[in-house]
Asks: 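Can you read through this structure? Questions will come right after.
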Amino acid sequence: MATGGSLEEIAEEDALRVHWYSLLGKLLGAPPDQATLDQLRRLSGDQSEIGEAIAALAAAAAKSDPKGLDREYFDLFIGVGHGELVPYGSYYLTGFLHEKPLANLRQDMRRHGIARADDVSEPEDHIASVCEMMAGLISGAFGAPSDLAAQREFFDRHVGCWAPRFFEDLEAARSAAFYMPVGTIGRLFMAIELQGFEMAA
Amino acid sequence: MKKDEAQSLDRRAFLCKSGFGLGAAGAVAAMVAREAGATETELATGGKGYTETAHVRKYYELARF
């Protein structure tokens, strides 16, 4: 996980953002194992819309098992040919994989000192990858933590322009049971992120 | 107080008091911390477990001596 930076050195609100980006990256990068499910089921939320989504995730984790989740993950994101969803920025932005948005992302990754992990074969604009990148830019896992302006630029170019639509699709996907509240949390988190960036502008 | 300091405090309050900051924040932090801790151990021992979730890493300039 791209959380290698020292979280003590960044502000409380930024550590919070790193944690949620990391969690989204983890859950969307691979189906969760039993240890992760055991931790998720202990989460609780307040009465807000976000709190209710977190409670729904905890309830979904309690009802899920790794074998069923392997299947759900496959149906949603991999499939035969492709899954119910195609979780890549280039696809969302152009209708095709490996288009210009991926080239732009690779360029910006290089600039920020980010490389694809050696054993990963899928394109870098996977939703889990860009969540990990945001976490790492905020925490400083790839070098010095990026300032808010740089975070926002990366967010606008590679996350904010498609991930909100992806999370809405995930929330509504036929195959999504465990992943439905993940979609809700992602959608709400994107809205909070955008509003947070606006406040600093 | 300067304008940008006030903005930064507003933003902190906004994020920390959102549903993402209240209640669940500690538990999520613990999950992520455990993950990061495991990653360091696995890295130290040459284990591969962490690569199941890590899609990206720091770019190492191979040409540098």
Side-chain angles (χ1 to χ4, degrees), chain A residues 1-4 7 11-20 22-23 25-26 29-30 36 39-40 42-46 48-54 58 109-110 112-120 122 124 126 128-129 132-133 135-136 141-143 148 185 188-189 192 195-196 199-201, chain B:
Chain A
M1 255 193 178
T3 51
L7 288 180
E12 183 187 357
E13 66 275 23
D14 289 330
L16 184 78
R17 295 167 62 223
V18 171
H19 295 145
W20 283 100
S22 300
L23 182 63
K26 179 182 165 68
T36 303
Q39 290 178 309
L40 288 174
R42 290 200 290 269
L43 294 180
S44 60
D46 57 13
S48 69
E49 194 183 4
I50 295 166
E52 282 172 8
I54 294 168
M109 284 173 65
R110 187 74 186 236
H112 285 287
I114 311 171
R116 180 163 67 174
D118 295 328
D119 58 346
V120 173
E122 69 230 27
E124 292 89 329
H126 190 282
S129 304
E132 286 181 23
M133 288 180 211
F142 309 121
L148 264 181
I185 288 170
L188 295 169
F189 183 58
I192 293 277
Q195 216 176 324
M199 293 178 88
Chain B
M1 190 159 39
K2 285 192 298 190
K3 182 167 166 271
D4 55 348
E5 285 173 9
Q7 275 177 341
S8 144
L9 285 177
D10 282 351
R11 184 170 165 275
R12 171 170 301 177
F14 168 72
L15 288 165
C16 294
K17 289 179 180 163
S18 76
F20 290 109
L22 297 168
V28 172
M31 278 185 76
V32 176
R34 192 194 69 117
E35 193 78 21
T39 298
E40 276 155 30
T41 310
E42 281 157 5
L43 279 174
T45 57
K48 287 254 179 193
Y50 80 99
T51 52
E52 284 171 16
T53 53
H55 289 65
V56 295
R57 61 168 174 78
K58 188 170 178 166
Y59 180 85
Y60 298 104
E61 192 61 73
L62 293 174
R64 192 177 292 154
F65 293 99

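Just so you know, these numbers use all the heavy atoms, side chains as well, and skip hydrogens, waters and symmetry mates. The chains referred to below are lettered A, B, ... by the order of the sequence lines, with proteins before strands, and numbering in each begins at 1.
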Asks: Fit a plane to each ring of Trp20(A) and Phe189(A), take the angle between them on a 0 to 90° scale, and name the class: parallel (under 30°), tilted (30 to 60°) or perpendicular (over 60°).
Replies: tilted
Asks: Side chain from CB out, backbone as N, CA, C, O: work out which of these in Ile192(A) comes under 4.5 Å of a heavy atom of chain B, or both, or neither.
Replies: both
Asks: At a 4.5 Å cut-off on heavy atoms, which part of Ser129(A) comes close to chain B: side chain, backbone, both, or neither?
Replies: both
Asks: Please flag which part of Glu49(A) lies under 4.5 Å from any non-hydrogen atom of chain B: side chain, backbone, both or neither.
Replies: neither
Asks: For chain B, which of Glu13(A), Glu52(A), Glu12(A), His126(A) has the most heavy-atom pairs under 4.5 Å?
Replies: Glu13(A)
Asks: So do Leu15(B) and Met199(A) actually touch side chain to side chain, heavy atoms under 4.5 Å?
Replies: no
Asks: Less than 4.5 Å to any heavy atom of chain B: does that hold for the side chain of Arg116(A), its backbone, both, or neither?
Replies: both
Asks: Under 4.5 Å heavy-atom distance to chain B, tell me which part of Ile185(A) shows up: side chain, backbone, both or neither.
Replies: both
Asks: Tell me whether His112(A) contacts the main-chain N or O of Ile114(A) through its side chain, where contact means a donor paired with an acceptor under 3.5 Å.
Replies: no
Asks: Is any side-chain heavy atom of Ile50(A) closer than 4.5 Å to a side-chain heavy atom of Leu22(B)?
Replies: no
Asks: Below 4.5 Å, heavy-atom pairs only: which of Gly196(A), Ala200(A), Gly143(A) has the largest tally toward chain B?
Replies: Gly196(A)
Asks: Check each atom of Leu16(A) against the heavy atoms of chain B and say whether the ones under 4.5 Å are side chain, backbone, both or neither.
Replies: side chain
Asks: Are any of the side-chain heavy atoms of Phe142(A) and Val56(B) separated by less than 4.5 Å?
Replies: yes
Asks: Does this structure show an ion pair linking Arg11(B) with Asp14(A), if we count only N-O contacts that are shorter than 4.0 Å?
Replies: yes
